[in-house]
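Everything numeric in this text was worked out from a predicted model, so none of it was measured. Residue numbering restarts at 1 for every chain, and letters A, B, ... go by the order of the sequence lines.
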Amino acid sequence: MKKEEVPQDKSNLESANFKELCYAVDENGEYTTVNSSGWDPKTIALNKAIEDINERVEDAKQRVLNNQTSPIEYYMEFHKMDLQILASYVGLWKWRVKRHFNQKVFNKLSKKVLQKYADVFDVSIDQLKNIELHGN
Amino acid sequence: MEIKFTHHQSAHCENGVISNLMKHHGFNVSEPMAFGIGSGLLFCHIPFLMVNHAPAFTYRALPGIIFKRFAKRVGIKIKREKFKNPQKAKSVLDENLENNNPVGLQVGVYNLVYFPDEYRFHFNAHNLVVYGKENDTYLISDPVMEDVTTLTDKQLEKVRFAKGAFAPKGHIYYPVDFPKELDLEKAIIKGIKHTCKDMLAPIPVLGVKGIRYTAKLIRKWPKKKGVKKANHYLGQIVRMQEEIGTGGGGFRYIFAAFLQESSKILNKPELSNLSKEMTLIGDSWRDFAVDASRIYKNRSAKEDAYNNVASQLEVIAAKEEVFFKKLKKAIN
């Protein structure tokens with residue numbers, strides 16, 4: 001890639017006001033570094049990935065509202081987690097977390113366990129139980 | 001208290017921390033040098049692992065290993081510590097800062113507040129340098145950022161004790177012992193040899209073979225997984241290749257810069273030619289990314305399109321195979 005070919009497309013980096021560093025060749029064939037504001041092919045990929053996450057969150061939300069799953073699954077998706085990551089944050093086995101997706105099991109959870117989830121998701125226990133109280 | 005520390009922006013966090021810490025201690029080591037000596041270049045499809053609900057690909061060596069190899073090859077010693085107790089982790093960090101010693105930390109990205117929201121995923125192998133503390137605020141030099149920044153002690157604790165794969169566990173590291181002069185020549189040759197070995201390895205998911213294997217997977221995805229998943233997976237490849245930290249072209253440009261610098265140090269003009277060749281290979285990776293992005297931009301892609309990008313990868317694999325064989329010969 002030549003120095004002047006380093007893409008300067010609009011991207012999500014703009015919001016944080018920073019540019020990333022790319023390596024490119026100058027007119028004498030020497031390597032140098034150039035700041036780039038972004039590149040469309042990867043911005044599209046990132047935006048698609050975020051769209052996917054939003055779809056997953058929305059889907060989980062609907063299933064919570066239809067009583068098909070517990071709020072834990074919604075909050076997990078909201079925080080871009082999967083079972084493995086959530087399990088390690090709350091310090092429980094994966095199968096236990098998965099069991100807590102079951103509404104009946106969720107309703108019987110002790111305050112202590114609920115608090116663990118609430119801490120990880122940075123919400124109150126009331127918000128944990130009722131996702132409509134969740135700000136976003 | 002603030003340690004006099006010069007922040008240089010780099011493409012990738014791990015090389016950047018190595019390079020910045022080395023410069024702080026009076027050794028002028030560039031980012032490409034750190035990357036090349038540490039044999040950072042790779043291609044690997046990591047089997048059985050799913051990241052963000054897609055298969056995992058990497059264009060670089062495992063987190064932490066670049067610094068480890070670099071240290072061993074140039075003869076510096078690194079002190080590393082991990083912790084169970086956040087309190088203990090904090091006091092060790094504070095002690096070091098008091099002794100005027102800037103340190104590297106491994107952190108998780110998800111709670112890194114100065115990153116744009118869109119980039120905050122559960123990725124736990126990010127690296128940064130702490131070079132001071134004012135009251136409860138730590139002074140941070142994050143190599144991928146243009147400028148230095150800060151984190152409160154609470155924020156720093158959160159990212160140091162992120163959970164999930166590669167959990168940092170408060171990982172702190174810093175060089176403690178340096179040779180009088182760095183023996184770069186030997187280190188460069190070792191680094192190059194190792195990279196050639198990795199890229200030409202007879203393992204189906206690694207190096208040149210790994211690229212071919214990935215091409216095969218791409219051909220199968222639309223039928224086996226459906227267009228939606230196929231596009232998501234393809235997007236994942238491009239992101240791993242081009243996202244912040246790779247310097248463009250899946251680290252191929254950084255590697256080319258390393259070869260160019262090495263050709264002068266070793267006085268081997270053929271490495272300079274190989275550097276040019278690697279730049280062209282990097283360009284082919286960029287072309288692949290452009291064509292792949294055309295596919296996932298339009299939801300309804302023809303099967304042809306997948307075969308087309310797969311063939312592009314096969315061409316790249318062939319080029320890299322020839323390249324690394326030549327490189328191996330050039331340094332023997």
Side-chain donor or acceptor of [X] paired with backbone N/O of [Y] under 3.5 Å:
X: His122(B); Y: His79(A); value: yes
X: Tyr296(B); Y: Pro41(A); value: yes
X: Gln84(A); Y: Gly164(B); value: no
X: Glu242(B); Y: Trp39(A); value: no
X: Asn12(A); Y: Glu118(B); value: no

Return the option, out of [options], with the maximum number of heavy-atom pairs under 4.5 Å with chain A.
options: Asp117(B), Leu234(B), Val144(B), Thr279(B); result: Thr279(B)
options: Gly248(B), Ser10(B), Ala257(B), Ala165(B); result: Ala257(B)
options: Gln236(B), Arg239(B), Gln241(B); result: Arg239(B)

Checklist outcome for this item: Exactly one candidate in Tyr253(B), Phe255(B), Phe258(B), Phe251(B) meets side-chain contact (heavy atoms from CB on, under 4.5 Å) with Tyr23(A); the answer is Tyr253(B)
Item to check | Any residue of residues 86-97 of chain A which, by heavy atoms, sits under 4.5 Å from chain B | outcome: Ser88(A), Tyr89(A)
Checklist entry - Which residues in residues 25-35 of chain A have a heavy atom less than 4.5 Å from any heavy atom of chain B? => result Val25(A), Gly29(A), Glu30(A), Tyr31(A), Asn35(A)
Checklist entry - Checking heavy atoms, do the side chain of Ile50(A), its backbone, both or neither come under 4.5 Å from chain B? => result side chain
Validation row: [X], [Y] side chains within 4.5 angstrom (heavy atoms):
X: Lys228(B); Y: Glu55(A); result: yes
X: Ser293(B); Y: Lys48(A); result: no
X: Arg56(A); Y: His53(B); result: yes

Identify which part of [X] has an atom lying under 4.5 Å from any heavy atom of chain A, answering side chain, backbone, both or neither.
X: Ala54(B); answer: neither
X: Asp147(B); answer: neither
X: Ala162(B); answer: both
X: Tyr110(B); answer: side chain

Checklist entry - Closest heavy-atom contact between Glu20(A) and Gly245(B)? => result OE1-N, 4.3 Å
Checklist entry - Who are the side-chain contact (heavy atoms from CB on, under 4.5 Å) partners of Gln155(B), not counting sequence neighbours? => result Val113(B), Leu151(B), Thr152(B)
Checklist entry - Can you name the residues that form a side-chain contact (heavy atoms from CB on, under 4.5 Å) with Asp126(A), not counting sequence neighbours? => result Ser124(A), Leu133(A)
Item to check | side-chain contact (heavy atoms from CB on, under 4.5 Å) between His232(B) and Asp52(A), worked out | outcome: CA-CA 8 Å; His232(B) 178 57; Asp52(A) 266 15; 3.0 Å; yes
Next on the checklist: What's the separation between atom CG in Asn52(B) and atom CG in Asp82(A), rounded to the nearest 0.5 Å?
Outcome noted: 8.5 Å
Checklist entry - At what distance, to the nearest 0.5 angstrom, does OG1 of Thr246(B) lie from NZ of Lys42(A)? => result 6.0 Å
Next on the checklist: Walk me through whether Met1(A) and Asp283(B) qualify under side-chain contact (heavy atoms from CB on, under 4.5 Å).
Outcome noted: CA-CA 6 Å; Met1(A) 184 164 57; Asp283(B) 291 343; 3.8 Å; yes
Checklist entry - Top residue by heavy-atom pair count (under 4.5 Å) with chain B, among Asp40(A), Leu46(A), Ile44(A)? => result Leu46(A)
Next on the checklist: Would Leu13(A) and Tyr119(B) count as a side-chain contact (heavy atoms from CB on, under 4.5 Å) here? Give the steps.
Outcome noted: CA-CA 9 Å; Leu13(A) 290 175; Tyr119(B) 288 88; 3.8 Å; yes
